[in-house]
Amino acid sequence: MHALIDGKEIARLVRADVKVRVKEFSEKYGKKPALCVILAGDNPASKVYVASKEKACGWVGIRSVAKKFPASITEEELINEIRALNEDPGINGILVQLPLPKGINEENILCAVAPEKDVDGFHPMNAGELMRAGATLEPCTPAGCMELLKRAGVPLAGANAVVIGRSNIVGKPIALMLLRENCTVTVCHSKTRNLKEILKNADIVVSAMGRPKAVTGDMLKEGAAVIDVGINRLEDGSIVGDVDFESACRVAGAITPVPGGVGPMTIAMLMKNTIIAAEMQNA
C-alpha cells in the first residue's frame, strides 16, 4: 500500500478551517451560526448520529439545536415544524435525520426544508444546481469524498473514475462532482456486467453499494485511489466497508479505511455547509 487516506485527520483540518470562519462570523454578527437537527422516532443508530453531530458543533462553535419528536408524529405536523424553522432567522441550517418513521414520505419532508437552509444538500433545487454548475450546499458525504481525494493529492483531471452505486445521496452526486473535476466517469450498479473489467481501468474507485468486502484487490488497477463509502455491520458486530481492505491495500495507491475514512468527513462537511449557509443568509 502506498498511502492510507486518513479521514479523521483530514476531517480535523476541515473542522479547523470551519472553526476560524465560525469565530469570524460570531464576531461580525454578534451571534453563533445555528444548526437544527430533527429527530423523529427512536431509532438507536439515529440517536448516535445526532449525538455525534452535536459534539462536532461544539468543536467548531456552532450552536446546536435538537428537535425530537415521537414516532407517532404525522407528516403534516412534521412539515409544519420545518416551516417554522424555515422562518426562524436564528436557525441557519436544518437537517432531518433519516430514516423517518413509517407512514411519512421522506421526499415530502426533504422538500419542505428551505433550500438555503438545506445543509444536507438533498433539496431538489440544490440537487439541480449541483447538476448545472455546482451547488453552494452540496451533499455532505460526496463532498467529503472529493475533499479526501484532493487533500490526498490524487490527480483528478483526465482520470478514469468508477462510481459503484447510483443513490441520490452518494452515487449520483459524486459522479457529477468527479465530472466537474474533469474525470471520465463510469457509474456501475447491481445490473452492471463485467464490473471487474471496468474496475481494472479505473484510476479512482468510489464504492457506495453497501455490500461487505465486495471489491477485492484482484479487481483493482495497480495504484488506483480507492474511496470506500460502505458501512456494513457483520454478524460479529464488526464494521467493514464495501472494499476488502486487506487485499485492496496491497494494490491501491491510496485507500480510505472503514471506519475512519469517509465517516468523519460527512460530519465535517456538514459543519462546513452550516457556516456557508449562515454566511449566505447574513450577507
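By the rule that hydrophobic residues join a cluster once side-chain heavy atoms approach within less than 4.5 Å of another member, Ile198 and Leu179 end up as members of separate clusters. Following chains of ILVMFWY side-chain contacts shorter than 4.5 Å, one cannot reach Leu137 starting from Phe25, and the two form parts of different hydrophobic clusters.
Test Arg180, Lys172, Met125 against Leu130 for side chain to side chain contact (heavy atoms under 4.5 Å, CB included) and you get one pass: Arg180. Here the rule is side chain to side chain contact (heavy atoms under 4.5 Å, CB included) with Val60, and of Lys272, Lys32, Lys23, Met271 only Met271 fits it.
Atom CD1 of Ile62 is separated from atom NZ of Lys53 by 13.0 Å, given to the nearest 0.5 angstrom. Rounded to the nearest 0.5 angstrom, Arg63 CZ and Thr274 OG1 are separated by 12.0 Å. How far CD1 of Ile227 is from CD1 of Ile204: 8.5 Å, rounded to the nearest 0.5 Å. With rounding to the nearest 0.5 Å, the separation of CG in Leu220 from SG in Cys249 is 10.5 Å. Here the OG1-CD1 distance, from Thr74 to Ile104, works out to 7.0 Å after rounding to the nearest 0.5 Å.
For Tyr49 (side chain) and Gln97 (main-chain N/O), no donor-acceptor pair under 3.5 Å exists by modelled atom type. Distance alone, capped at 3.5 Å, places no donor-acceptor pair between the Glu116 side chain and the Met280 backbone. Although no hydrogens or angles enter the test, the distance criterion places a donor-acceptor pair under 3.5 Å between the side chain of Asn232 and the main chain of Gly241. Counting only distance, with no hydrogens or angles, the side chain of Lys117 and the backbone of Leu85 share a donor-acceptor pair below 3.5 Å. At least one donor-acceptor pair closer than 3.5 Å links the side chain of Gln281 to the backbone N or O of Asn92. Within the 3.5 Å criterion, the main-chain N or O of Ala135 finds no donor-acceptor partner in the side chain of Asn126. A side-chain donor-acceptor contact under 3.5 Å links Asn273 to the backbone of Glu138. Under the 3.5 Å distance criterion, the side-chain polar atoms of Asp242 are left unmatched by any main-chain donor or acceptor of Asp228. With hydrogens and angles disregarded, no donor-acceptor distance shorter than 3.5 Å links the side chain of Asn194 to the backbone of Glu197. Side-chain atoms of Arg21 do not come within 3.5 Å of backbone N or O of Glu279 as any donor-acceptor pair.
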Legend entry - Chi angles and distances behind the salt bridge (Lys or Arg N to Asp or Glu O under 4.0 Å) call for Lys196, Asp218: CA-CA 8 Å; Lys196 186 173 178 178; Asp218 64 328; 3.3 Å; yes
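Using a cut-off of 4.0 Å between Lys/Arg side-chain N and Asp/Glu carboxylate O, Asp17 and Arg151 are scored as salt-bridged. The existence of a salt bridge linking Lys221 and Asp203 is confirmed by a sub-4.0 Å separation between a basic side-chain nitrogen and an acidic carboxylate oxygen. One finds a salt bridge joining Glu129 and Arg132 here, because a Lys/Arg side-chain nitrogen approaches an Asp/Glu carboxylate oxygen to under 4.0 Å. Between Lys150 and Glu147, no side-chain nitrogen of the basic residue sits less than 4.0 Å from a carboxylate oxygen of the acidic one, so the salt-bridge criterion is not met.
Checked by atom type, the side-chain pair Asn160/Asn201 shows no donor-acceptor distance below 3.5 Å.
Within the 4.5 Å cutoff, no side-chain heavy atoms of Phe245 are placed close to those of Val258.
Counting only residues at least two apart or on different chains, no ring pair (Phe, Tyr, Trp, His ring centres under 6.0 Å) pair has a member in residues 125-151.
In plain terms, the two heavy atoms of Val113 and His123 that are nearest each other are O-CD2, 3.1 Å.
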